[in-house]
Amino acid sequence: MSAIYVLIGFSLLAALSFLGAFIWSIKNGQYDDDYTPSVRILFDDAPLNKSNSNPK
Amino acid sequence: MKESASDLENPKCYHCGDACDAEIIEYQEKTFCCEGCKTVYDLLNDNDLCTYYDLEQNPGMKMKKSVGNKFAYLDNEEVSQSLLEFRDENLCKIRFFIPQIHCSSCIWLLENIHHMREGIVQAQVNFVKKEAYITYYQDQITLRELVELMASIGYEPAISLQSGTKEAKKKVNRALYYKLGIAGFAFGNIMLLSFPEYLDVEQFLDPNFKRLFGYLNLVLALPVFFYSASEYFISAFKGLRARYINIDVPVSIGIFVLFARSTWEILADVGPGFMDSFSMFVFLLLVGKWYQNRTYQALSFDRDYKSYFPIAITRLVDGEEESVALASLAVNDIILVRNGEIIPADSTLLSNEAQIDYSFVTGESEPVKKKSTNVIYAGGRQTGSVIKLRVDKPVSQSYLTRLWNQDAFTRDKTAMNRLIDKVSQNFTIVVLFLAMASLFFWMSEGWNSALLVFTSVLIIACPCALALTVPFTFGNALRIFGKYGFYLKNTDSIERMSKVDTLVFDKTGTLTSSQADTIEFHGNELSNEELQAIKSVVKHSAHPVSASLYKYLDGAVRSVKAYQEKVGQGIAAETTIGEVRLGAAAWAGAEAVSEELLASVAHVSINGVYKGYFSLKKDYRDGLDNVLQSLSENYELYLLSGDNEAEFERLKPLFSSEDHLHFHQKPEDKLAFIEKLQQQGKQVLMIGDGLNDAGALKQADVGISMADDVFQFSPACDAILKANQFSELPKLLNYAKSAMRIVRMSFFISITYNSIGMFFAMQGLVTPLFAAILMPISSVTVVSFVTIATNWVAKKVQFREIPSSRSEVIV
């Protein structure tokens with residue numbers, strides 16, 4: 001049964017790391033704009049010519 | 001496939017998507033409607049940025065003619081310093097508001113702007129706020145060059161006196177997200193650790209585990225109590241100090257008792273506590289707050305004259321022109337104001353003549369003629385040639401800006417008696433009374449059980465569902481309103497809107513549409529050639545009548561010679577068919593006509609022969625008569641206009657009596673009029689559009705500002721209504737009333753739940769499991785009820801969809 005102590009400890013650590021990630025993402029400004037990144041991710045990296053703008 | 005045929009006749013501009021009717025420019029197998037659009041294409045093509053046109057069809061902005069040194073003021077150190085967000089030797093960061101941003105192509109182009117010029121490091125667009133955040137090296141590109149570059153591709157940043165102030169730069173509030181995250185984290189984990197309790201596994205579970213789970217719950221609950229829930233305690237405390245019970249008082253009592261009793265149970269090792277219910281309660285409340293707080297970030301509801309005024313002005317010092325920040329403009333300075341620019345302070349005219357357009361400030365529809373030594377009030381827009389002025393008063397002390405010193409601008413509307421506060425007052429008193437009653441009743445069983453029952457009653461009476469009703473009902477109503485072109489500043493306005501019994505309208509720009517005029521020609525019929533010639537002439541004039549005529553007349557524009565314009569008289573030019581003169585009666589060699597009293601008139605003579613005159617009447621909003629008629633059944637209607645009585649006869653039948661129409665109203669008069677109505681006990685809704693309505697909009701219980709383009713300047717208000725949705729006003733008001741009815745029904749549901757819970761609590765039958773089930777059930781019922789009900793009513797009301805237009809994306 002004492003394994004549960006360890007497991008609870010781990011589960012809390014995992015949960016805390018997610019909370020930490022969430023707080024970091026807020027600090028990082030990821031919740032300031034929840035629309036533009038969804039558009040930005042679809043852009044190609046470099047300006048391309050018309051001929052090769054269609055990905056295969 | 002009819003459309004493709006007409007497309008061939010009138011090709012669309014490759015850049016801006018407008019039909020090319022006036023002129024067609026063919027270039028690289030593409031068609032353009034004007035030189036401006038072609039230039040932008042050329043510029044992008046040269047920089048290999050034509051992906052812009054692949055992402056969206058015809059994404060560009062129609063190019064307006066730009067004035068040569070319009071942005072010269074950006075070279076002024078003081079001005080640029082106030083605009084910059086960050087500066088380190090060379091590296092500068094600046095945030096621009098760009099109302100033109102409307103599609104993914106815009107994002108792409110602006111974020112690739114560093115390919116166009118050396119020195120720009122990075123640009124990042126926030127589409128929701130319509131902002132671009134640009135980093136650049138100022139030794140390689142100046143702020144002025146940067147802005148000019150953006151303007152040259154159609155994305156001219158909106159820079160006003162407001163841009164330099166602190167409010168414009170304030171950071172987003174992220175605290176709610178932190179609180180929500182921590183509460184959600186604690187809620188999930190506490191729920192997990194409380195799970196054994198729910199299953200009643202007493203006999204299998206080591207009591208050590210129980211104790212451990214209890215302590216872990218307590219530790220997890222601490223940040224929820226001290227951080228996430230803190231604002232409820234603060235708000236409740238503030239309310240009580242003002243001798244006022246708001247909804248946060250019963251909420252705080254619930255939170256506090258839940259936490260205190262659970263802490264005691266855990267530390268005294270007598271039970272598992274209610275930490276799961278406690279953290280869930282706080283989490284749900286914060287979710288409600290988050291849902292209610294989502295507002296339209298690109299719209300501004302708090303604008304004052306500052307966002308209408310420019311940030312800098314041209315000053316004459318010893319005959320030399322220089323740009324100076326408006327803030328350092330002093331009395332007796334000599335300033336230059338060009339065509340279309342705003343006069344920033346009360347001043348004396350030094351030039352011979354000026355033609356000032358006050359339509360946005362006073363509601364007068366026609367430009368006012370001013371002569372040398374006349375005093376010109378701030379806020380007017382010069383139309384015509386450059387004028388010279390001497391500043392009489394500082395900017396903040398001018399006639400118009402003084403309006404913002406009135407009481408109405410310092411008062412906060414939200415604190416008015418809301419239904420939720422009335423309900424929670426009674427609720428709190430009843431709950432406290434019942435809790436005390438059961439305390440005394442259970443005394444006979446001993447202090448211990450009496451206290452247990454007392455706290456159980458307070459815990460179960462926790463108004464979770466009650467507190468969630470308003471955020472979710474009004475939050476959803478706000479989104480539905482937004483879908484139909486009615487954008488509210490916050491949810492509080494919905495309740496005030498439902499109580500309104502008096503409507504006050506502004507005339508210019510509100511009842512009349514701001515652009516389109518009804519134009520009629522009286523006299524000998526004009527031939528097509530003559531009409532074309534007239535169109536070619538009016539093209540050169542910035543006068544509003546000319547602009548309307550230009551829009552109204554069909555045909556291609558030809559070049560004209562010897563164009564001349566005399567302020568207050570008219571315009572003239574040599575065309576292919578001879579000399580065309582257009583303007584006042586004397587200018588065209590005719591006698592004044594009686595109609596001139598009611599409408600604007602432009603007389604025409606060609607080659608010295610008088611042809612007749614155009615009359616321009618202000619066009620009223622679509623369906624105005626119907627709207628006012630249906631509104632007059634339930635509301636008292638008033639009209640306050642800054643204009644003259646020209647339209648009195650036309651409007652009289654729409655209002656119940658003649659003294660409901662008031663003309664020649666100054667901004668202060670409007671404010672005072674609303675105040676008078678309120679003193680008579682009326683709940684007033686004011687609809688206006690200009691700066692002159694700003695005081696009245698602020699004073700009224702609900703101030704709605706009408707706007708053709710909601711991103712352009714509109715005065716401070718509670719809501720912005722898209723002008724082409726004006727006909728929906730009666731439905732919008734009805735919907736606010738329905739939303740209020742839904743809130744009442746939902747109050748009833750949640751209080752029923754509370755009563756059932758209290759029935760058990762007073763008998764001492766409440767367990768943590770019971771609380772953990774009742775609370776979410778009541779919350780889920782209420783939230784789903786109000787969401788379904790608000791959507792269903794919206795469907796039944798059948799709002800008219802916003803006529804589609806591409807810059808409509810408001811997130």
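Because the structure is predicted, anything quoted here is derived from the model rather than measured. Each chain gets a letter, A, B and so on, in the order its sequence line appears, and its residues count up from 1.
- Only the side chain of B/F213 comes within less than 4.5 Å of a heavy atom of chain A; its backbone N, CA, C and O stay farther away.
- Neither the backbone nor the side chain of B/L192 comes within contact range of chain A; no heavy atom of the residue lies under 4.5 Å from a heavy atom of that chain.
- Salt bridge status for A/D32 with B/R174: present, with a side-chain N to carboxylate O gap under 4.0 Å.
- Between A/F43 and B/W108, the angle of the ring planes goes over 60°, which puts this pair in the perpendicular group of the 30/60° scheme.
- With values rounded to the nearest 0.5 angstrom, A/Y31 atom OH is found 11.0 Å from B/Y178 atom OH.
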Practice task
Could you go through the side-chain contact (heavy atoms from CB on, under 4.5 Å) check for A/V39 and B/F127 one step at a time?
Solution key: CA-CA 9 Å; A/V39 179; B/F127 185 82; over 6 Å; no

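- Other residues, nucleotides and ligands place no more than 12 heavy atoms under 6.0 Å from the CD1 atom of A/I41.
- Put simply, the side chain of B/F185 reaches to within 4.5 Å of the side chain of A/L16, judged on heavy atoms.
- Of the possible donor and acceptor atoms, one in the side chain of A/R40 sits under 3.5 Å from a partner among the backbone N and O of B/V125.
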Problem - Pair B/F209-A/Y5, side-chain contact (heavy atoms from CB on, under 4.5 Å): steps then yes or no - result: CA-CA 9 Å; B/F209 279 122; A/Y5 288 112; 4.0 Å; yes

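- Residue A/I8 touches chain B through its side chain alone, counting heavy-atom pairs closer than 4.5 Å.
- Between chain B and the options A/L12, A/T36, A/I23, the largest number of non-hydrogen pairs under 4.5 Å is found for A/T36.
- Heavy atoms closer than 4.5 Å to chain A are found in the side chain of B/N189, but not in its backbone.
- Only the side chain of A/F22 comes within less than 4.5 Å of a heavy atom of chain B; its backbone N, CA, C and O stay farther away.
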